[in-house]
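What's counted below: heavy atoms across the whole structure, side chains too, no hydrogens, waters or symmetry copies. Order of listing sets the numbers, starting from 1, for every ligand and every atom in it.
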Amino acid sequence: MDSQQHYLLLGATGYSGIEFIHQALETVQRPNVTLFVRPGSEPKLPPAALTNTNFRLVLGSLTDAQAIKLALAGDERFPPVSIVVSLLGAYPSFIPLFTRDTSTPIADALRSTVLPVMKSSHVSRIIALSTPTGCYSAEEARTVPWKWWLYMQIPRLLQPQGNAEMKHIADVVIEAGTKDRDLEWTVFRVPHLTSGSRDVGVIAGHLDRNYTASLNLSRASLVKWVFNEVKEKAWIRDTPMLANP
Ligand SMILES: NC(=O)c1ccc[n+]([C@@H]2O[C@H](COP(=O)([O-])OP(=O)(O)OC[C@H]3O[C@@H](n4cnc5c(N)ncnc54)[C@H](OP(=O)(O)O)[C@@H]3O)[C@@H](O)[C@H]2O)c1
């Protein structure tokens with residue numbers, strides 16, 4: 001983990017976000033991390049994140065441009081943010097199964113506020129979590145293994161809102177990267193998330209006939225992969241599928 005990095009973490013209060021915080025706290029050379037959290041959600045954060053000097057907390061809504069600008073800016077203790085990590089996502093709910101709600105508040109806020117404020121704040125790297133049904137390329141569609149094709153029908157059918165949200169997150173990040181060639185984006189796609197070990201391997205690849213992995217990904221190994229990707233920059237302007245073997 002690079003101690004020079006200053007991360008803006010979106011989704012810090014989710015399971016994966018909390019795992020990100022734990023792994024950042026455990027490294028000897030801790031990175032700086034700004035946690036951007038909705039007012040009222042901050043009690044979900046690990047207490048150490050509120051007292052550690054490498055961390056700072058900014059409260060706000062994703063549509064609050066001033067709050068995002070503040071979160072990306074440096075201050076007397078922190079340099080400006082160098083990378084945004086989004087572990088945001090929709091909560092599973094069966095209500096949209098009946099209402100057929102496909103609203104996408106997170107993706108809409110990324111498009112209207114977060115990505116434009118990143119650009120005006122000269123922050124050019126974003127790594128964002130999405131779903132296998134997001135940014136599913138024509139090449140992948142031709143050769144995707146049956147196992148994965150069937151797996152992708154489940155959220156489409158049973159979680160229409162969550163699926164739309166996660167897919168749209170990929171769409172808006174890719175769209176921003178198309179308009180702004182300076183944006184170094186990575187959208188990684190995740191299958192079923194588990195509470196398994198961080199030391200299990202992560203297979204990153206395109207979802208074509210060569211992709212062989214399980215349908216599970218431990219959040220701990222996901223976060224370890226994110227920190228590694230920040231260093232390696234192996235998937236800039238790409239949409240890797242991640243899963244454990
Ligand atoms: N579980 C799975 O098997 C699975 C599979 C594929 C994809 N996913 C997606 O992966 C995402 C990450 O998973 P996870 O389990 O680590 O996360 P999680 O525990 O579901 O946490 C979601 C995070 O997103 C934030 N959030 C949700 N709606 C928001 C909104 N409208 N505005 C601002 N913040 C919002 C939450 O903030 P608050 O604390 O303020 O609510 C929280 O920090 C999931 O949300 C899900 O959509 C999950």
Side-chain angles (χ1 to χ4, degrees), residues 7-23 33-46 49-50 57-65 67-68 71 84-96 101-115 127-136 148 151-173 187-196 198 202 207 213-226 239-244:
Y7 293 85
L8 175 64
L9 179 60
L10 308 176
T13 50
Y15 287 113
S16 302
I18 288 168
E19 177 61 31
F20 184 102
I21 292 168
H22 285 308
Q23 290 193 29
V33 183
T34 293
L35 308 167
F36 190 81
V37 171
R38 291 199 275 194
S41 292
E42 62 274 25
K44 297 181 190 173
L45 293 168
L50 300 173
L57 174 65
V58 175
L59 293 178
S61 132
L62 291 171
T63 52
D64 181 343
I68 297 285
V84 175
V85 172
S86 169
L87 301 177
L88 293 161
Y91 288 113
S93 165
F94 284 106
I95 295 170
D101 172 21
T102 51
S103 61
T104 57
I106 295 172
D108 294 349
L110 286 173
R111 175 184 270 153
S112 69
T113 311
V114 177
L115 287 156
I127 299 184
L129 182 152
S130 182
T131 168
T133 54
C135 49
Y136 187 53
W148 285 97
Y151 178 77
M152 284 188 280
Q153 307 315 310
I154 299 169
R156 275 191 185 129
L157 287 170
L158 299 182
Q159 300 287 334
Q161 192 273 328
N163 185 56
E165 181 77 280
M166 302 315 292
K167 181 180 181 321
H168 205 41
I169 288 171
D171 292 341
V172 301
V173 173
V187 171
F188 63 95
R189 299 174 283 170
V190 303
H192 177 240
L193 297 176
T194 73
S195 54
R198 96 174 48 160
V202 172
L207 203 44
S214 73
L215 295 171
N216 294 319
L217 178 67
S218 75
R219 292 180 179 89
S221 67
L222 173 169
V223 168
K224 191 174 168 188
W225 181 89
V226 167
T239 58
M241 181 72 214
L242 307 187
N244 296 136

How far is [atom] from its nearest protein heavy atom, and which residue and atom is that?
{"atom": "atom 36 (C) of ligand 1", "answer": "Tyr91 OH, 3.2 Å"}
{"atom": "atom 31 (N) of ligand 1", "answer": "Arg38 NH1, 3.4 Å"}
{"atom": "atom 22 (C) of ligand 1", "answer": "Gly89 O, 3.6 Å"}
{"atom": "atom 43 (O) of ligand 1", "answer": "Thr13 OG1, 2.8 Å"}
{"atom": "atom 6 (C) of ligand 1", "answer": "Pro191 O, 3.4 Å"}
{"atom": "atom 47 (O) of ligand 1", "answer": "Ala90 O, 2.8 Å"}
{"atom": "atom 19 (O) of ligand 1", "answer": "Tyr15 N, 3.0 Å"}
{"atom": "atom 3 (O) of ligand 1", "answer": "Leu193 N, 2.9 Å"}

**Report entry** Heavy-atom closest contact (Val58 atom, Ala67 atom, distance)
**Finding:** CG1-O, 3.8 Å
Report task. Let me see the working for Asp108 and His168 under side-chain contact (heavy atoms from CB on, under 4.5 Å), right down to the final yes or no. Result -> CA-CA 8 Å; Asp108 294 349; His168 205 41; 3.7 Å; yes
Could you list which atoms of ligand 1 come closer than 4.0 Å to a heavy atom of [X]?
{"X": "Lys44", "answer": "38 (P), 39 (O), 41 (O)"}
{"X": "Gly14", "answer": "18 (P), 19 (O), 21 (O), 42 (C), 43 (O)"}
{"X": "Leu129", "answer": "10 (O), 11 (C)"}
{"X": "Ser16", "answer": "14 (P), 16 (O)"}
{"X": "Val190", "answer": "6 (C), 7 (C)"}
{"X": "Ile106", "answer": "27 (C), 28 (N), 29 (C), 30 (C), 31 (N)"}
{"X": "Arg219", "answer": "1 (N), 14 (P), 15 (O), 16 (O)"}

Query raised in the report: To the nearest 0.5 Å, how far apart are CG in Leu62 and CD1 in Ile68?
Result: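 That separation rounds to 5.5 Å.
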Query raised in the report: Got a second to check how far Leu45's CG is from Leu9's CG, nearest 0.5 Å?
Result: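 Reported value, rounded in 0.5 Å steps: 9.0 Å.
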Between [X] and ligand 1, which residue portion shows a heavy-atom distance shorter than 4.0 Å: side chain, backbone, both, or neither?
{"X": "Ser61", "value": "neither"}
{"X": "Met166", "value": "side chain"}
{"X": "Thr131", "value": "neither"}
{"X": "Ser41", "value": "side chain"}
{"X": "His192", "value": "both"}
{"X": "Leu10", "value": "neither"}

Without swapping roles, check the side chain of [X] against the backbone of [Y] for a donor-acceptor pair under 3.5 Å.
{"X": "Glu165", "Y": "Asn163", "result": "no"}
{"X": "Gln159", "Y": "Ser93", "result": "yes"}
{"X": "Ser130", "Y": "Phe188", "result": "no"}

Query - Passing option when Leu10 is tested against Ile106, Val114, Leu35 for side chain to side chain contact (heavy atoms under 4.5 Å, CB included) - result: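 Between Leu10 and the candidates, side chain to side chain contact (heavy atoms under 4.5 Å, CB included) is satisfied uniquely by Val114.
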Query raised in the report: Are Tyr7 and Thr34 close enough, and set up right, to give a side-chain contact (heavy atoms from CB on, under 4.5 Å), and what steps lead you there?
Result: CA-CA 6 Å; Tyr7 293 85; Thr34 293; over 6 Å; no
Report task. Take Val37 and Leu57 through the side-chain contact (heavy atoms from CB on, under 4.5 Å) test and state the conclusion after the steps. Result -> CA-CA 7 Å; Val37 171; Leu57 174 65; 3.8 Å; yes
**Report entry** Tyr151, OH atom: more than 12 neighbouring heavy atoms under 6.0 Å
**Finding:** yes
Query raised in the report: Does CD1 in Ile95 sit with more than 12 non-hydrogen atoms of other residues, nucleotides or ligands closer than 6.0 Å?
Result: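 Atom CD1 in Ile95 is not packed in, count stays at 12 or less.
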**Report entry** Residue pair Ser214, Asn216: steps toward the side-chain hydrogen bond (donor to acceptor under 3.5 Å, both in side chains) verdict
**Finding:** CA-CA 5 Å; Ser214 73; Asn216 294 319; 4.7 Å; no
Requested in this report: Please verify whether a non-hydrogen atom of Gly11 lies at under 4.0 Å from ligand 1.
Outcome: yes
